[in-house]
Amino acid sequence: MQPLFKTRITDLFGIAHPILCGGLMWLSDAHYVAASVNAGCMGFITARTFPDPGAFRAELQKCRELTGGKPFGVNLYSTPREADNEILKGHLAILLAEGVRIVETSGMPPKPLLPALVEAGAKVIHKCSTVRHAMSAAKLGVDAVAMVGAECGGHPGLQLVGTIVQAPLGAQRLTLPIAVGGGIGHGSQIAAALAMGADAVVLGTRMTVAEEIWAHPDYKARMVAADEASSRLIMQTFRNTYRVLDNTEARAVAALEAAGETDHARYRPHVAGTRAREAYATGDVERGVLSMGQAVVFADAVRPVAAIIDQLMDEARAAAGRLSAAQT
């Protein structure tokens, strides 16, 4: 499909469409990311999905082969536990050695990662949950920021500000390119985000039904069946709000919180990330806490990435046309 919009982020990453397929833990591998890139978007392999350095390097090489050498990105997620971030040093060295020059940072501020990335000439977009955090990241010298609103799957932050507020507020307060995510799964929302001053959107949950996502068909069927009310928020007790599929595991966590439980060890059997990976692999969607945002309502069929992107851009074109026709 021919490009419809030209923005600062399409220029920054050299992509046809103002769409970033954000890093999905356990799911963003070479096949999915390459499909996103080949469809005219930017995708990000999640480094933590491949803790083994050799496997991570091989995944980058596979992605480069599948894209025919086109640039693709890597997500580097930093946790508040410094010891857990040691792995990122090796992954950072590997991605730079393999020629990756587009990086999505998320979680904690990316200050420790930036010197090596800047020296290598990498383009860095930091993903966060508030305009305030985006402004702080801008001061560190990132090239762009992405803000995800309360509707997003995974971690929407503590303030739970909606995407429709984040977009114009971010455009007012930031001068560098911005992307917005959270609840976005229809092309009309892409046109609206650009109209509000954003340079791109971030897609997550909407893409979980892509054919190139390796997860079990039963997991994808559950996503197709879900609607805008199928998620719930958990882990507010630990100031680590998490929007997930409202399944048996999530309800067990909610029950612990309702009972006033503050011992994190009691939660660990439910929230361990490896349980989510098992759910993706087996299709047992009652197991693990599975990131899922309200945009799941738009994930209504399992289709190739390219077909999903074409549909979104057709919808965006129609929305832009309606706006133009409404002008006097």
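We count residues from 1, following the sequence as given.
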**Q** Using the side chain to side chain contact (heavy atoms under 4.5 Å, CB included) rule, take Met207 and Ile308 through it: C-alpha gap first, then chi angles, then the decisive distance, then the call.
**A** CA-CA 8 Å; Met207 303 304 292; Ile308 294 172; 3.7 Å; yes
**Q** Which label fits Tyr242 and His155: parallel for a plane angle under 30°, tilted from 30 to 60°, or perpendicular past 60°?
**A**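 Geometry flag for His155 against Tyr242: parallel rings.
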**Q** Does Met135 share a hydrophobic cluster with Val165, counting links as ILVMFWY side-chain heavy atoms below 4.5 Å and allowing steps through other members?
**A**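 No; tracing contacts between hydrophobic side chains, which count when under 4.5 Å, never links both residues.
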**Q** Measure the shortest side-chain to side-chain distance between Leu233 and Pro156 over non-hydrogen atoms and say whether it is less than 4.5 angstrom.
**A**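 Contact flag for Leu233/Pro156 side chains = yes.
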**Q** Please give me the minimum heavy-atom distance between Gly170 and Ile178, naming the atom from each residue.
**A**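 Heavy-atom minimum between the residues: C-CD1, 3.8 Å.
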**Q** Taking atom CZ of Arg268 and atom CZ of Arg275, what is their separation to the nearest 0.5 Å?
**A**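 With rounding to 0.5 Å, CZ (Arg268) is 13.5 Å from CZ (Arg275).
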**Q** So how far is it from Glu257 CD to Arg266 CZ, rounded to the nearest 0.5 Å?
**A**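 The CZ atom of Arg266 is 12.5 Å from CD of Glu257, to the nearest 0.5 Å.
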**Q** Taking the side chain as every heavy atom from C-beta outward, state whether Tyr32 and Cys21 have any atom pair closer than 4.5 Å.
**A**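 A side-chain contact exists here, since the closest heavy-atom pair is under 4.5 Å.
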**Q** Of the non-hydrogen atoms in Ala316 and Leu4, which two are nearest, and what is the gap between them?
**A**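 Closest approach of Ala316 to Leu4, heavy atoms only: C-CD2, 4.2 Å.
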**Q** Measuring only between side-chain heavy atoms, which start at C-beta, is Met292 closer than 4.5 Å to Ser230?
**A**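 Yes, at least one pair of side-chain atoms sits under 4.5 Å.
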**Q** Any donor-acceptor pair under 3.5 Å linking the side-chain atoms of Gln311 with those of Glu315?
**A**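 Result is yes, a qualifying pair exists.
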**Q** With no hydrogens and no angle check, is any side-chain donor or acceptor of His17 less than 3.5 Å from a backbone partner on Ile19?
**A**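 No, the answer is negative, given that no donor and acceptor are paired below the 3.5 Å cut-off.
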**Q** Kindly check if the number of other-residue, nucleotide or ligand heavy atoms within 6.0 Å of CD (Glu65) is above 12?
**A**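 Check fails, neighbour count at 12 or below.
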**Q** For the CD1 atom of Ile164 and the CE atom of Met196, what is their distance to the nearest 0.5 Å?
**A**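 With rounding to 0.5 Å, CD1 (Ile164) is 5.0 Å from CE (Met196).
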**Q** So, the side chain of Thr46 versus the backbone of Arg48: is there a donor-acceptor pair under 3.5 Å, distance only?
**A**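 No, because the side chain of Thr46 does not come within donor-acceptor range (under 3.5 Å) of the backbone of Arg48.
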**Q** Are Val302 and Leu290 linked, directly or through intermediate hydrophobic residues, by side-chain heavy-atom contacts shorter than 4.5 Å (ILVMFWY only)?
**A**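 Shared cluster, yes.
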**Q** One pair to check against side chain to side chain contact (heavy atoms under 4.5 Å, CB included): His31 and Trp214. What are the steps and the verdict?
**A** CA-CA 8 Å; His31 289 284; Trp214 65 263; over 6 Å; no
**Q** Following the transitive rule for hydrophobic clusters with a side-chain heavy-atom cut-off under 4.5 Å over Ile, Leu, Val, Met, Phe, Trp and Tyr, establish whether Met25 and Val103 coincide in one cluster.
**A**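 As far as the 4.5 Å side-chain criterion goes, Val103 and Met25 are connected within one cluster.
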**Q** Using modelled atom types and a 3.5 Å cut-off, is there a donor and acceptor pairing between side-chain atoms of Glu212 and backbone atoms of Asp29?
**A**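 No; judged by distance alone, with no hydrogens or angles, the pair does not exist.
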**Q** Can you tell me how far the NE2 atom of His264 sits from the OG1 atom of Thr237, to the nearest 0.5 Å?
**A**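 His264 atom NE2 to Thr237 atom OG1 measures 10.0 Å (nearest 0.5 Å).
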**Q** Do the side chain of Arg303 and the main chain of Ala210 share a donor and acceptor less than 3.5 angstrom apart?
**A**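 Absent.
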**Q** With side chain to side chain contact (heavy atoms under 4.5 Å, CB included) as the criterion, how do Tyr267 and Ile234 come out once you've worked through the C-alpha distance, each side chain's angles and the decisive distance to 0.1 Å?
**A** CA-CA 11 Å; Tyr267 292 82; Ile234 59 172; over 6 Å; no
**Q** Do Thr241 and Gln236 have a side chain donor and acceptor closer than 3.5 Å?
**A**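 No donor-acceptor contact under 3.5 Å links the two side chains.
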**Q** Is the shortest heavy-atom distance from the side chain of Leu76 to the side chain of Leu95 under 4.5 Å?
**A**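 Yes. Closest side-chain heavy atoms under 4.5 Å.
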**Q** Can you give me the closest heavy-atom contact between Val145 and Ala134, atom names plus distance?
**A**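 Heavy atoms only, the tightest pair is CG1-O, 3.7 Å.
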**Q** Other residues, nucleotides and ligands only: do more than 12 of their heavy atoms fall within 6.0 Å of NZ on Lys70?
**A**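 Counting other residues, nucleotides and ligands, NZ of Lys70 exceeds 12 neighbours.
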**Q** Salt-bridged, Arg57 to Glu98, with N to O below 4.0 Å?
**A**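 Counted as a salt bridge, because a side-chain N and a carboxylate O are separated by less than 4.0 Å.
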**Q** Let me confirm one number: the OG1-CE distance from Thr10 to Met42, rounded to the nearest 0.5 Å.
**A**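 Taking OG1 in Thr10 and CE in Met42, the distance rounds to 11.0 Å.
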**Q** Within the side chain of Glu261, is there an N or O that forms a donor-acceptor pair under 3.5 Å with the backbone of Asp263?
**A**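 Indeed, once roles are kept as given, a pair shorter than 3.5 Å links the two residues.
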**Q** Side chains of Leu92 and Leu113, heavy atoms from C-beta outward: is any pair under 4.5 Å?
**A**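 Yes, side chains in contact.
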**Q** Determine whether Tyr77 and Val100 fall in the same hydrophobic cluster, where Ile, Leu, Val, Met, Phe, Trp and Tyr are linked whenever their side-chain heavy atoms lie under 4.5 Å apart.
**A**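 No, it is not one cluster - the side chains of Tyr77 and Val100 are not joined through contacts under 4.5 Å.
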**Q** Step by step, work out the side chain to side chain contact (heavy atoms under 4.5 Å, CB included) result for Gln294 and Arg243.
**A** CA-CA 9 Å; Gln294 293 173 341; Arg243 185 180 292 281; 3.6 Å; yes
**Q** Are Val224 and Ile184 grouped together when hydrophobic residues (ILVMFWY) are joined by side-chain heavy atoms under 4.5 angstrom apart?
**A**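 Per the 4.5 Å side-chain linkage, Val224 and Ile184 are co-clustered.
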**Q** Using every non-hydrogen atom in the two residues, find where Ala319 and Ala191 come nearest and quote the distance to one decimal.
**A**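 Distance-wise, the nearest heavy atoms are CB-CB, 3.9 Å.
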**Q** Could you tell me whether the side chain of Leu20 reaches within less than 4.5 Å of the side chain of Val201, counting heavy atoms only?
**A**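 When only atoms from C-beta onward are counted, Leu20 and Val201 do not touch, as no gap falls below 4.5 Å.
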**Q** Just wondering, do Asp246 and Arg251 contact through their side chains at under 4.5 Å, heavy atoms?
**A**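 Side chain of Arg251 against side chain of Asp246, heavy atoms only: contact under 4.5 Å found.
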**Q** Without swapping roles, check the side chain of Glu151 against the backbone of Gly162 for a donor-acceptor pair under 3.5 Å.
**A**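 Here the side-chain-to-backbone pair does not exist.
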**Q** Would you say the side-chain atoms of Glu249 and His270 include a donor-acceptor pair closer than 3.5 Å?
**A**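 Side-chain D/A pair, Glu249 to His270: present.
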**Q** Can you tell whether the side chains of Arg8 and Asp199 come within less than 4.0 Å, N to carboxylate O?
**A**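 Looking at Asp199 together with Arg8, the answer is yes, because their closest N to O distance falls below 4.0 Å.
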**Q** Distance only, no hydrogens: is a donor on one side chain within 3.5 Å (strictly under) of an acceptor on the other, for Glu286 and Asn247?
**A**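 No.
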**Q** Does any non-hydrogen side-chain atom of Leu114 lie less than 4.5 Å from one of Val142?
**A**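 Yes; the side chains approach each other to less than 4.5 Å.
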**Q** At their closest point, which heavy atom of Leu66 faces which heavy atom of Ala34, and how far apart are they?
**A**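 Scanning both residues completely, I find the closest heavy atoms to be CB-CB, 3.5 Å.
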**Q** Carefully, step by step, assess Phe44 and Phe72 under the rule ring pair (Phe, Tyr, Trp, His ring centres under 6.0 Å).
**A** CA-CA 7 Å; Phe44 302 88; Phe72 62 91; 9.7 Å; no
**Q** Examine distances only and state if a side-chain atom of His126 and a backbone atom of Asp143 form a donor-acceptor pair shorter than 3.5 Å.
**A**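 Looks like no, no N/O pair under 3.5 Å.
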**Q** Let me confirm one number: the OH-CD1 distance from Tyr280 to Ile213, rounded to the nearest 0.5 Å.
**A**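 The distance works out to 9.0 Å.
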**Q** In plain terms, say whether Arg287 and Glu278 are close enough for a salt bridge, that is, a side-chain N and a carboxylate O under 4.0 Å apart.
**A**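 Salt bridge between Arg287 and Glu278, a charged N being under 4.0 Å from a carboxylate O: yes.
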**Q** Measure from the side-chain N and O atoms of Gln189 to the backbone N and O of Gly185, and report whether any donor-acceptor pair falls under 3.5 Å.
**A**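 Yes, the answer is positive, given that a donor and an acceptor are paired below the 3.5 Å cut-off.
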**Q** For residues Asn75 and Ser28, is any side-chain donor paired with an opposing acceptor at under 3.5 Å?
**A**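 No, no side-chain donor-acceptor pair sits under 3.5 Å.
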**Q** In terms of side-chain heavy atoms, does His133 have a donor or acceptor partner in Ser136 at a distance below 3.5 Å?
**A**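 Not at all, the side chains of His133 and Ser136 share no donor-acceptor pair under 3.5 Å.
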**Q** What are the two closest heavy atoms between Val180 and Ala198, and how far apart are they?
**A**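 The pair with the smallest heavy-atom distance is CG2-CB, 4.0 Å.
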